[in-house]
Structures are given as C-alpha cells and as structure tokens.
Amino acid sequence: MKKFYSGFVSLTGRPNVGKSTLMNSLIGEKIAITSHKPQTTRNKITSILTEDDFQCVFLDTPGIHKPRHKPHPLDLYVIERLKNVKTPVILVINKIDTIEREKLLAVIDTYSKLYGFAEVLPISAIKSTNLDELINVIRKYLPEGPQYFPGDMVTDQPERQIAAEIIREKALYLLQDEIPHGIAVEKKKKKKRADKNMVDVDATIYCERDSHKGIIIGKQGAMLKRIGATARHDMERLLGSQIYLQLWVKVKKDWRDSDFLLKNFGYDKRNV
C-alpha cells in the first residue's frame, strides 16, 4: 500500500509579512484576504494542499503582536515563543524581490544565529519565487498520516465567510488610511437566477461611526460602487458565475464589543 503523509503547518510571524499572500499562492486560490495594513487577518484560516502522496493543512493565523508588558522587538518575541516548539521550524524569508542580495544574506545570517531552524528558505510569495521548493521542504517533514480532508477541498471556510472577507479586503484597500480596521461585512443573501448564469448577492458593510459611513459610500455613492466592482471580480472567480452585487452601509457602534455581533460576523473576539 502506498504511503501517505500529512500534517498541519502554522504560518506564524509578525503582522504584514505576507502570510496570507503566501497561503493563497501555495493553494492557488483566494482564501485569505490581503492588505498593506497589519492585522488584516482576523481569524485562523485553514487551507488545504493535497497531492498524490501528501496533504498539508495550512493555518494562517493573525500576526503575533508584542505583549504590552514585554517591550522586546517583535521578531525576537516570535523566536522566544518558538523555543518550546518541538516540531520542525522552517524560517521562510518573504519579499526577497524587494531586497538586495547582500542584505538578504545578512538577514539569513542574523536569524540563523538566533534559533536552530530546520531549514532556511528565501521566497517571494507574490512572484511565486521558490514556492515549489518550499512545498518540497515542507513535504520532507510531514509524518505518515491520514488524509484529513477530501482531495478537492481547499479550505474549511464557508463560502459565505470568504465572500464577506473579499468585500472587506477591497474596502480596506480602496479606503487606504481613511477608515481604521473597525469595519465588518455580513453577506445577507445569495440567490441564483433561474434564467441565466447569474447570482444575486446582498451584503452589508458595518462601520463604527457616522462619519465613516459617509466615507465608505463616497460622493454620490462612488466609493461604494468601486468597492463593489473590485469585490465582484474575485467573487465571480470564487463562485464560478456572474455576480450581481448589492452593498449597503450601516453604523453599528462598538460592534467589536458585542459577542453576538462578533459571532454573527464570524470573527474571533481575540483578533479584532
């Protein structure tokens, strides 16, 4: 009987180092949203890569944040937390397309002295540089195990949640620094039209202040239309059909303090 290997891989690191981009690139699907803003990922997102003889389950977690009572640099704090880890730790240095070779070598040397990494691999997730090599390295450390998920399954996240997060990603990108992270998206309705390959989707963007609502909508609704248009493109890839997307904006003050609303939006209270 052919041997099968499987395991769970946690993508751990400080905010905004490209963990979500890496996971999307490895899977080849839009699973986690990306943004230049830190703390974009709010939940632990699971994605699955299955090949003939192995299955790797990736956990994309929100970035590790420096505790208020320990003013150490974030990278050192991450390494401190790894010292009790008994599984192999691979140092993946992302965004090598933005750094000179001499500086990259210095970074590798510095980090290699701080911790006994099983492997050190420089990559560029956005340009897919060394991603095949990264998969081979991960595969090398997977133990024999079962196939945890069906071979054609790429995430355990419900379609509803992914669609809502796609809309939030586009809002964060287009609004830049005008709106803080205090926005959430709830997908209200999805209905396929009987007469054509078209799906009607209704969603609501929630913000915490009346002033934010005006910014999100924009002059004569221009910003909201831009958010909808850019989100629709990714959603059509997700659902495999044309999308007619309608967006609304509502104010829910202090929604991040409401356990009910957090659960309703699908968020983990610890990460908002």
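Small disclaimer: the values here were computed from a predicted structure and weren't measured.
The number of heavy atoms from other shown groups lying within 6.0 Å of CG (D52) does not exceed 12. Taking a 6.0 Å sphere around CZ of R226, one finds it holds 12 or fewer heavy atoms contributed by other residues, nucleotides or ligands. In the displayed structure, D109 atom CG is contacted under 6.0 Å by more than 12 heavy atoms of other residues, nucleotides or ligands. Applying the 6.0 Å contact sphere to CD of E100 captures no more than 12 heavy atoms from other residues, nucleotides or ligands. I126 CD1: 12 or fewer foreign heavy atoms inside a 6.0 Å radius. Within a 6.0 Å sphere centred on OH of Y115, other residues, nucleotides and ligands contribute more than 12 heavy atoms.
The shortest side-chain heavy-atom distance between L131 and L22 falls under the 4.5 Å cut-off. With a 4.5 Å cut-off on side-chain heavy atoms, I123 and E133 do not count as touching. Side chains of T50 and F149 form no contact here, defined as non-hydrogen atoms less than 4.5 Å apart. You'll find the side chain of T21 stays beyond 4.5 Å of the side chain of N94, heavy atoms only. Side-chain contact between F54 and I135 is present, with heavy atoms from C-beta onward closer than 4.5 Å. In this structure the side chain of L11 never reaches within 4.5 angstrom of the side chain of V92, judged on heavy atoms. In this structure, V9 and I90 have side chains that are not in contact, with every pair of non-hydrogen atoms separated by 4.5 Å or more. For the pair D234 and K170, the minimum side-chain heavy-atom distance is below 4.5 Å.
We find the CG-CZ distance between L105 and R101 to be 5.0 Å, quoted to the nearest 0.5 Å. Here F8 contributes atom CZ and T46 contributes atom OG1; the two are 8.0 Å apart, rounded to the nearest 0.5 Å. Distance check: M198 CE to I243 CD1 gives 8.5 Å after rounding to the nearest 0.5 Å. In this structure, the separation between CZ on F58 and CD1 on I48 is 10.5 Å, given to the nearest 0.5 Å. Remark: K225 NZ to I227 CD1 distance equals 13.0 Å, nearest 0.5 Å. Note that CD1 of I217 and CG of L247 are 10.5 Å apart. Values are rounded to the nearest 0.5 Å.
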For T12 and V89, run side-chain contact (heavy atoms from CB on, under 4.5 Å): C-alpha distance rounded to whole Å, both residues' side-chain angles, the deciding distance at 0.1 Å, then the answer. CA-CA 10 Å; T12 305; V89 179; over 6 Å; no
Please assess I183 against R168 for the test side-chain contact (heavy atoms from CB on, under 4.5 Å), listing each intermediate value before the final yes or no. CA-CA 7 Å; I183 62 171; R168 187 169 73 93; 4.2 Å; yes
What's the verdict on side-chain contact (heavy atoms from CB on, under 4.5 Å) for Y111 and I79, showing C-alpha distance, side-chain angles and the deciding distance? CA-CA 9 Å; Y111 281 86; I79 289 174; 4.0 Å; yes
Could you go through I99 and I93, starting from their C-alpha distance and side-chain angles, then the distance that decides it, and tell me whether this counts as side-chain contact (heavy atoms from CB on, under 4.5 Å)? CA-CA 11 Å; I99 188 173; I93 302 174; over 6 Å; no
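Pairs passing the side-chain hydrogen bond (donor to acceptor under 3.5 Å, both in side chains) check and including a residue from residues 120-131, sequence neighbours excluded, read D97-S124.
Residue D200 is tested with R193, K190, K191 for a salt bridge (charged side-chain N to carboxylate O under 4.0 Å, His left out); the sole match is R193. When the options I27, V154, V57 are evaluated for a side chain to side chain contact (heavy atoms under 4.5 Å, CB included) with L49, the one that passes is I27.
The shortest non-hydrogen separation linking A118 to Y141 is O-OH, 3.5 Å. Minimum interatomic distance between K187 and A163 (heavy atoms only, all atoms of both residues): CD-CB, 3.8 Å. Closest heavy-atom contact between C56 and L142: CB-CD1, 4.5 Å. Between R232 and L245, the shortest heavy-atom contact is N-CD2, 4.4 Å. When all heavy atoms are compared, the tightest approach of V251 to R209 is CG2-O, 3.7 Å.
With respect to K189 and D202, a salt bridge is recorded, a charged nitrogen being found less than 4.0 Å from a carboxylate O. Between E119 and K140 there is a salt bridge, since at least one side-chain N of the basic residue sits less than 4.0 Å from a carboxylate O of the acidic one.
Between the side chain of D53 and the main chain of K2, no donor-acceptor pair closer than 3.5 Å is present. S6 contributes a side-chain N or O that, together with a main-chain N or O of P146, makes up a donor-acceptor pair within less than 3.5 Å.
One hydrophobic cluster holds both I215 and V185 under the rule that ILVMFWY side chains link at heavy-atom gaps under 4.5 Å. In the hydrophobic cluster analysis, where Ile, Leu, Val, Met, Phe, Trp and Tyr join through side-chain heavy atoms closer than 4.5 angstrom, L172 is grouped apart from V17. Connection of W248 to I167 is not established within any shared hydrophobic cluster, with ILVMFWY side chains joined at heavy-atom distances below 4.5 Å, either directly or through further cluster members.
No side-chain donor from either of Q55 and Y148 sits under 3.5 Å from a side-chain acceptor of the other.
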